[in-house]
Amino acid sequence: MELEGVIIDIDHVPLADRSIIRITLKSNSGVYSVLDKGFYPYFRLVPYNKNIDPASISKMSFRDMQQNQMPVHKVSKTRHSLAGKEVEVLKIEANSPRHIPEISRMLAEFGERYEYDILFWKRYLIDKQLNPLHGVSISAHDDDGILLLDSIKGLEEEYKLNKDLLQLCFDIETYNPAVVPRPDKDPCIMISYWIDGESGVLTTKKIDRKFVKTFATEKEMISAFMNLIKEKDPDIIAGYNSSNFDVPYLMKRAEKNGMSFRIGRYDEDIRQEHHGLVEAIRIPGRINLDIYNVARFVSIVGASEKLIKINRFTLSEVYRAITGDTKITVDKNNIWQIWDGTDSDREELADYSLSDSVTLNKLYEFFIALETETSKVSMLTLAENAVSTTGQLVEVLLMRYASDNEELVPNKPEQQEINRRMSNPIEGAYVKTPEAGIYDNIVVLDFRSLYPSIIIAHNIDPAAIAGPDESVYNEAPNGIRFRTKPIGIVPKALKKLINDRKEIKKAYKKDPDSKTLAARSSALKILANSFYGYLGYARSRWYSRDCAASVTAFGRSYITMTIDDAEKAGFHVLYSDTDSIFIQMQKKSKDDAISFLNSINAKLPGLMELELEDFYLRGVFVGKRGADAGAKKKYALLSEAGRVKIRGFELVRRDWSNIARTAQKDVLEAILKEGSKEKAMQIVKNVLDRLRDGKVELKDLIIYTQLRKDIDKYDAKSPELAAAKKAIEKGAKRKDEVQGATIGYIITRNGNTISEKAELDELADSYDPDYYINHQVIPATLKILKELGFTEEELKGGGVQKRL
DNA sequence: GCCGTAGGACTACCA
DNA sequence: ACTGGTAGTCCTACGGCG
């Protein structure tokens, strides 16, 4: 039979003598499971002795630790290129991926080993050139009720499912008399879900709510949840931090109840795997999607795309960030008391539980387009894409190009090599020091995708570095020479991403409401922007100090050339950072700026392009604290269209209080929009008065900071650390609640030093006006008012005493 | 012992 | 656990002073 569809999941099933690939395919006619017996896991060996006979390796006897035979399936000769040179390679196929580590170890004495750590199913996708969500076409036959694959290939046209992938969102509540729930002792008390518009709560006590179903035991409740999944057959199981909490917890509870928590499409256990630093949950035949990971990924990687900015990654904070609404909540530490409380307590708990799943579904709807489109670009399954870092996405993409080009995939570096790379960083971008001041009529120009376009224009690739005796090359400003051809896999991959994005943008213009097109464009940009970083990443397979240093050297050269030309043409350059240049127009017209832009573009190679970012009516640059020089990476602009663009100022930083941030924002806007010196001063005076009079709400005084390290591993004392430690001592927080978390604290009146005065936001009952005046509002606003000609004394004279 | 400050640890930002 | 460049806070150690 012939099948077309998207790959939901791909894994392998271990049989007695070998492992075979299994594909879970979703087609418009249903979900199919197809086995491919024609593919074997393998690694490659570059033998020290070229005359080594493949047959002799085939005949060797390999045994594992338990002395089980591990026959080699097949050994064949290939030719591959390695760092730009042709080499003879042996491809050694095994029967099971489990055999690869041992067989490759035993062959280490015969040569250099490569590609021994590429996962079996990933290898399959790469070698067969498949893109799971884009769609595949399969030819298979029925063998006693099992579908066996005859051939598979990727589809040219994207496969259109007539319905979106079906998601089930769920969340659990647990009994927690010890505050932190103990999976071996404390039962799961509620499971809430949302699927296809239907939502409900499964529980074990009678609760008077229509959406609640009550079961006699925890075991029956978990079984009912498993049955629900079986019956509704979702493609995606979405939770919030579910890979670390909900799923492992239910697995443990099921085990305690003498059963197995199985929610896949096959009668198999869920697999828990380490994936870099995150825990990955594999649900056979379905897609596990932990929205917590997704939100973090988008927030970190999508930052440049301005997708979202989230300060804290709790479910309710993320919900608030994307919808502006707040969700209902309960005191998490007291769930067990609520559960043991009154009927109405339990009704509220059920409402809360339900709201978590409903909320989660809204987050799912918000993130799924980008997640799906990133998967199509990375050509990984949705579940794998969701647990991958950008580094891993770039890596797997380059593996595909290496495979197409018959290049060996470089090995991952050993720890010693990683340390060596990290201790030797490269020089980065150029940043011009601005002159503090307030300027009118500014034009901002920037290079479109500077680093990707440099890599493409100059064929920057580890395998393209020319030797000293070669004559055809392009020399980077740092002296590294790159062959002009053949085109390396790094520029080749980038060019495809950039060309694809051009096409998508064209389509988007015709269909501006398409979320899919917008998300695909973002996904392409995120991937393209990660290549330079990957070249300089210490753990990268394609690390190349020379390449990364050449990219930034070219970058510095292009931007300084642009600055010099602008000045030669009579413009005043205010500021520049990496790929952008801020020009004060003075007597020049917009046409002059455009013709300058054109003159630069006329001499740029390839698809490199300087773009007009925007014209601005006014801009503010401030001085560095305690120095004459202007501060870099800090500016505020007002565009002709009335858009305010603010970068770097305290008001965009979460580790400043709301009161200081708001005051700074109001001052900047008063200057930008109204040019009013007096109004700016009045804003600050009002805030200082309110602070002194104790009229400011505590919530506007919270300072948020992440405790990035283990709480005992800090060398330095800090207010946030002191506040966290005090909360732990009081028993208000557990270590694991604050470690790695973004905590909020307030400087109170109790104590002498700032650290002594710091208390977690929920524990603080006063604030120290002196601190907020002299350490928050004044530093944030004074440097701006200074540019208006005010002095510190005038500000203080406006009603502030420095002394208590 | 008090004061001012250089320098380290740390975080969050820009590109 | 993609890069480097940067500002800024808080704290501590240190040196000068008396």
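These values consider heavy atoms only, across backbone and side chains, with no hydrogens, waters or symmetry-generated copies. Labels below follow one simple rule: chain letters A, B, ... track the order of the sequence lines, proteins then strands, and each chain is numbered from 1.
Annotation: ring-ring contact (aromatic ring centres under 6.0 Å, His included) contacts of A:F245 (sequence neighbours excluded): A:Y249.
Contacts between residues 606-616 of chain A and DNA chain C, defined by a heavy-atom separation below 4.0 Å, involve no residue at all. A heavy-atom distance below 4.0 Å to DNA chain C is reached by none of the residues of residues 737-751 of chain A. For DNA chain C, the residues of residues 531-549 of chain A within the heavy-atom distance limit of 4.0 Å (strictly under) are A:Y532, A:G533, A:G536, A:Y537, A:R539, sorted by number.
Between A:K757 and A:D768 there is a salt bridge, since at least one side-chain N of the basic residue sits less than 4.0 Å from a carboxylate O of the acidic one. In this structure, A:D700 does not pair ionically with A:R661, as no charged nitrogen and carboxylate oxygen lie closer than 4.0 Å. The residues A:E417 and A:R420 are annotated as salt-bridged, a charged nitrogen and a carboxylate oxygen being separated by less than 4.0 angstrom.
Here the range on DNA chain C touched by chain A, meaning any atom under 4.0 Å from one of its heavy atoms, is C:dA1 to C:dT12.
Here the P atom of nucleotide B:dC14 and the CG atom of A:L637 are 13 Å apart, to the nearest Å. At whole-Å resolution of the value, CZ in A:R708 and C1' in B:dC13 are 11 Å apart. Protein atom CD1 of A:I581 is 14 Å distant from nucleotide atom P of B:dA15, rounded to whole Å.
In terms of position on DNA chain C, the residue among A:S718 and A:T389 whose nearest nucleotide sits closer to the 5' end is A:T389.
An angle of 20°, rounded to 10°, separates the two end axes of the helix from B:dG1-C:dC17 to B:dA15-C:dT3, each defined over five pairs.
Each of B:dA12, B:dC13, B:dC10 was ranked by its minimum atom distance to the side chain of A:V652; first place goes to B:dC13.
Relative orientation of the A:Y534 and A:Y537 rings is tilted, given thresholds of 30° and 60° on the angle between their planes.
Both cation-pi conditions hold for A:K709 and A:Y714: the charged atom is under 6.0 angstrom from the six-membered ring centre and inside a 45 degree cone around its axis. The side-chain tip of A:R296 points at the ring of A:F313 from less than 6.0 angstrom away and within 45° of straight on.
In this structure, A:Y575 does not reach the B:dA15 phosphate: none of its side-chain N or O atoms is under 4.0 Å from OP1 or OP2. Taking side-chain N and O atoms only, A:R653 has no distance below 4.0 Å to OP1 or OP2 of B:dC13.
Across the P atoms, B:dA9 and C:dC2 are found 24 Å apart, a figure rounded to whole Å.
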